[in-house]
Visitor: 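Let me give you the structure first, and then I'll get to my questions.
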Protein chains: 4
Amino acid sequence: MPAKPTSNAPDPIRRNEASRKAILTAAFDLVGEVGFGKLSIEAIAARAGVGKQTIYRWWPSKGAVLFDALLMLSEDQATGRPELPDTGSLEADLKTVLRATVRELNDPRYDEPMRALNTEIVHNQELAAAYTERLHEPMQRLKRDRLRKAQQAGQLDPNTDLDLAIEMIWGPLLNRWLQRTGPLTPEYTDSIVETALRGLMPR
Amino acid sequence: MPAKPTSNAPDPIRRNEASRKAILTAAFDLVGEVGFGKLSIEAIAARAGVGKQTIYRWWPSKGAVLFDALLMLSEDQATGRPELPDTGSLEADLKTVLRATVRELNDPRYDEPMRALNTEIVHNQELAAAYTERLHEPMQRLKRDRLRKAQQAGQLDPNTDLDLAIEMIWGPLLNRWLQRTGPLTPEYTDSIVETALRGLMPR
Amino acid sequence: MPAKPTSNAPDPIRRNEASRKAILTAAFDLVGEVGFGKLSIEAIAARAGVGKQTIYRWWPSKGAVLFDALLMLSEDQATGRPELPDTGSLEADLKTVLRATVRELNDPRYDEPMRALNTEIVHNQELAAAYTERLHEPMQRLKRDRLRKAQQAGQLDPNTDLDLAIEMIWGPLLNRWLQRTGPLTPEYTDSIVETALRGLMPR
Amino acid sequence: MPAKPTSNAPDPIRRNEASRKAILTAAFDLVGEVGFGKLSIEAIAARAGVGKQTIYRWWPSKGAVLFDALLMLSEDQATGRPELPDTGSLEADLKTVLRATVRELNDPRYDEPMRALNTEIVHNQELAAAYTERLHEPMQRLKRDRLRKAQQAGQLDPNTDLDLAIEMIWGPLLNRWLQRTGPLTPEYTDSIVETALRGLMPR
DNA sequence: CATTAACCGAGACGGTACGTCCGGTCTTTTC
DNA sequence: GAAAAGACCGGACGTACCGTCTCGGTTAATG
């Protein structure tokens, strides 16, 4: 878990980086193998070749470990992706982005861990805060920036609340993903984008 | 879990109805007190004054118990609500329905158990099937029926897929609820309905 | 541990006798292999093929387990040994008894467990009480009975306190055993008996 | 080049005397508070304001620390007590010595630590050797010297083995102390001395 | 007098065992 | 024959210490 400048926390300088990575990797691999429900701190520690206390020292819950594992991965690959594409056509750009999202959600390697995280934050208050700060808010900012540009270009109704717009576009997709109420196909996300944008266009 | 006419299943006729109700009530109460993660079969049995075996005999998992508990409640109150309102104005009716939904989701008595069920079905295959059959599909049918009538009345684009339409309306709401990305207010749901319907109107 | 007629104790009727024996056997064997200090409840449970809770349910400490293990053995073999030998010669009888004791103390199979028990009761109040009641007092009674007969036969000073006499005879032996201040030989115990009896004779 | 005889042992010259004393004091105090079984190196280090390594550097086990703690105390007070009293009457002298011993054993401040040491040497080979060399043997020598003088004065049988005599006198007392089979009173020790000496007198 | 080697406090680390909780099964007794 | 009760095997929990291992920071003898 991130930035915790509290008093009696362990000293991050003395932290063993190799152990940290081994733990995150083990957690990510295990959640894919057995699922979040059967994921145990004991198994993570054993797989990582680490004492349990080393996990308890640095993370407050197994959800937090998984969160950092996902964060590590997303940071590994996400460096240098500071904004959403802007070709001039909002509709085309959104379709591109949602298709990419769907591709990731359909990858079994990422599906189970992300699913686990998304259900864990439903119950874990502290984890939810970290999730918002480290993953949700940054992404939200990118989306808002892209939509604001479109709004300024007259492609969106000037009175539309951008956060509502984001939810109209991504909400249906994420809901279908979590609830498994249907397949995640490119055609499906294209339809979402088309329908949502028609509702969000200037009158 | 209900109705299981398989071979060596226990005889439902001999079932103790008082125990069944005590278990469901205990489960519902406990999930509100300690959350689904810390909910244990042992605690349910103790609270209900029941042997553990009596739970294992009739339900395959604690998720299933909770599911039945919720079902009991929804049936207690839902009898005789066979369809969604139809005043002639789709927009007004949807606003009414979503406002009612929001009121329920904001009730702390129902919030935690429903949240628990919605995250449990993400991981539990069998529970998801029961959920779809007993809760989701019936509700989906009502929604589809109401939207079809609107479509026939020319209030929706005739080419629109009704399931997509449902997701465009309820997806953003459910997503905000589960992810807690914002407050659930009547104004918010009204905005959803307005925006979604504009995107779904006949061209 | 024995006789505990307290209220919320587990029901001894439902107790699994096979598990009880497996635990005691495992404890006895393990203490001989690794010593009392490295004896762990986990290892006993594993060796006995038993859940840890089954040990914690019936015994308050590992010392208590070991005590019962020793008790089981002593009862296995001790049935029908209701008194000390009485050939008419106290000196000869005591030499016989002490030689037998020494033989047992020199048997590595019994040495370590008994040593462990004798040091454990030094620190464990409850265990000490059980030890006194179940092992020490019965043996003490036998010794007292034999000495009383000798006293009545004029072989001991009529004013001698029998408990003191017992300590004069067995104290040096047990002390040398525990402190390992010398070898335990038949000659040594014979000398003890001779010297002690000379001090205890009628004046 | 300064004499560095031993292999990689720490340099006793550089040793921090304040730390050494703090450790021994902490160990002695703690063993009286929580008992030897619950005494931990961590707690000693914390109480003494010392790093764990400082303890491990200078002592091989917590028993050894306790041993040194007791040694420190006994040296603090014992300097200049090179021999046992000799008033001419062996019986009177022994009664005096045993009464003093009993007074110490009855002092709760010393009872628990000494009890702990006496049971620890039962299991710890190296500690037993140190105990014999530093505490037992010197005391044994004093006792032997006093008894030899008595033997030469004709107060003891000339054929009596002095080590056996020592055991006949101190064995019952130490055994009663460790096993708690009775109270340690001056009357009790007087009786021991009287009885033992009668058995050890010249014939 | 600066260098430097050792001790020192602190505490993270890989581990083992603790004593507890609960999962899911089985058995005994009662209704 | 279902139900209450609860013992049982198993396994994970989160904690306490073990003994080892760095990490700066003194501290004292050497060069």
Side-chain angles (χ1 to χ4, degrees), chain A residues 10-16 18-20 22 38-46 48-58 60-62, chain B residues 10-16 18-20 22-23 38-46 48-58 60-62, chain C residues 10-16 18-20 22 38-46 48-58 60-62, chain D residues 1-2 8 10-20 38-46 48-58 60-62:
Chain A
D11 182 351
I13 294 176
R14 291 177 165 274
R15 184 163 190 179
N16 183 331
S19 292
R20 188 183 140 270
K38 313 222 141 185
L39 180 64
S40 71
I41 300 270
E42 296 231 337
I44 297 173
V50 139
K52 281 200 286 178
Q53 199 60 41
T54 301
I55 299 182
Y56 285 110
R57 179 149 42 228
W58 300 107
S61 68
K62 67 178 178 175
Chain B
D11 182 351
I13 294 176
R14 290 184 160 266
R15 183 163 191 178
N16 183 330
S19 291
R20 188 184 142 269
I23 290 165
K38 311 224 141 184
L39 179 66
S40 71
I41 301 270
E42 297 229 338
I44 296 173
V50 138
K52 281 201 288 177
Q53 198 58 37
T54 303
I55 298 182
Y56 285 110
R57 188 159 23 237
W58 298 107
S61 68
K62 68 176 176 177
Chain C
D11 182 351
I13 294 177
R14 291 178 166 273
R15 184 163 192 179
N16 183 331
S19 292
R20 188 184 140 269
K38 312 224 142 183
L39 180 64
S40 71
I41 300 271
E42 297 232 338
I44 296 173
V50 140
K52 280 200 288 176
Q53 199 61 43
T54 301
I55 299 182
Y56 284 110
R57 180 151 41 230
W58 301 107
S61 68
K62 66 178 177 175
Chain D
M1 189 104 176
N8 60 346
D11 181 351
I13 294 177
R14 288 181 162 270
R15 182 162 191 181
N16 184 330
E17 183 60 16
S19 291
R20 187 183 141 271
K38 312 222 141 185
L39 180 65
S40 72
I41 300 272
E42 297 230 339
I44 297 172
V50 137
K52 281 200 289 177
Q53 196 62 259
T54 302
I55 299 182
Y56 284 109
R57 191 166 13 242
W58 299 107
S61 68
K62 68 177 177 176

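Here the structure is a predicted model, which is why all the values come from computation and not from measurement. When reading the values below, keep in mind they use all heavy atoms of this one structure, side chains included, and skip hydrogens, waters and symmetry mates. A note on names: the letters A, B, ... follow the listed sequences, proteins ahead of strands, and every chain is numbered from 1.
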Visitor: Given atom CZ of R57(A) and atom P of dC13(F), what is their separation to the nearest angstrom?
Guide: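 Going from R57(A) (CZ) to dC13(F) (P), I get 17 Å.
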Visitor: Pick the closest DNA chain E nucleotide for A48(D) and for G51(A) by heavy atoms, then say which residue is nearer the 5' end.
Guide: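 The residue whose closest nucleotide sits nearer the 5' end is A48(D).
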Visitor: Looking at residues at least two apart in the chain, or sitting in another chain, which of them share a side-chain contact (heavy atoms from CB on, under 4.5 Å) with R15(D)?
Guide: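 For R15(D), the residues satisfying side-chain contact (heavy atoms from CB on, under 4.5 Å) (neighbours in sequence not counted) are R20(D), W58(D), W59(D).
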Visitor: With a cut-off of less than 4.0 Å, is there a side-chain N or O of S19(B) near OP1 or OP2 of dA4(F)?
Guide: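 Result: yes.
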Visitor: Could I get the full list of side-chain contact (heavy atoms from CB on, under 4.5 Å) partners for A43(A), not counting sequence neighbours?
Guide: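 A43(A) satisfies side-chain contact (heavy atoms from CB on, under 4.5 Å) with L30(A), S40(A) only.
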Visitor: Is any side-chain N or O of T54(A) closer than 4.0 Å to OP1 or OP2 of dA12(E)?
Guide: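 For dA12(E), neither OP1 nor OP2 has a side-chain N or O of T54(A) closer than 4.0 Å.
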Visitor: Taking only the side-chain nitrogens and oxygens of W58(C), find out if one of them lies under 4.0 Å from OP1 or OP2 of dC8(F).
Guide: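 It does, given that an N or O in the side chain of W58(C) lies less than 4.0 Å from OP1 or OP2 of dC8(F).
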Visitor: If you compare all heavy atoms of A45(C) against all heavy atoms of G51(C), which two are closest, and at what distance to 0.1 Å?
Guide: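 Shortest heavy-atom separation between A45(C) and G51(C) comes out as CB-C, 4.3 Å.
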Visitor: Check the distance between dA5(E)'s C1' and R15(D)'s CZ and give it to me in whole angstrom.
Guide: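 Taking atom C1' of dA5(E) as the reference, CZ of R15(D) is at 19 Å.
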Visitor: Looking only at non-hydrogen atoms, find the nearest pair between I44(B) and I23(B) and report the distance.
Guide: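 It is CG2-O, 3.8 Å.
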Visitor: Please tabulate the protein-to-nucleotide N/O contacts below 3.5 Å involving nucleotides 24-28 of chain F, giving atom names and distances.
Guide:
none

Visitor: Excluding sequence neighbours, so at least two apart, what forms side-chain hydrogen bond (donor to acceptor under 3.5 Å, both in side chains) with Q53(D)?
Guide: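 Not a single residue meets the side-chain hydrogen bond (donor to acceptor under 3.5 Å, both in side chains) criterion with Q53(D).
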Visitor: Enter the distance from I41(D):CD1 to T54(D):OG1 here, rounded to the nearest 0.5 Å.
Guide: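 Reported value, rounded in 0.5 Å steps: 11.5 Å.
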Visitor: When every nucleotide of nucleotides 19-25 of chain E is labelled 5' to 3' by its protein contacts under 4.0 Å (heavy atoms), B for base, S for sugar-phosphate only, - for none, what sequence of letters results?
Guide: BBBSBBB
Visitor: Start at the 5' end of DNA chain E and walk down; is the nucleotide closest to V50(A) or to V50(D) reached first?
Guide: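 Comparing both residues, the 5'-ward one is V50(D).
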Visitor: In whole Å, I'd like the distance from the CD1 atom of I55(B) to the C1' atom of dA5(F).
Guide: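 Rounding to the nearest Å, CD1 of I55(B) and C1' of dA5(F) are 13 Å apart.
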Visitor: With sequence neighbours left out, what residues match K62(C) under salt bridge (charged side-chain N to carboxylate O under 4.0 Å, His left out)?
Guide: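 Partners of K62(C) under the salt bridge (charged side-chain N to carboxylate O under 4.0 Å, His left out) test: none.
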Visitor: Can you tell me the distance, in whole Å, between the CZ atom of R20(A) and the C1' atom of dG14(E)?
Guide: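 For the pair R20(A) CZ and dG14(E) C1', the rounded distance is 19 Å.
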Visitor: Which distance, rounded to the nearest 0.5 Å, do you find between the CD1 of I55(C) and the OG of S61(C)?
Guide: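 Output value for this atom pair is 11.5 Å.
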Visitor: For P10(A) and R57(A), work out which heavy atoms get closest and say how close.
Guide: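 Shortest heavy-atom contact: CG-O, 3.4 Å.
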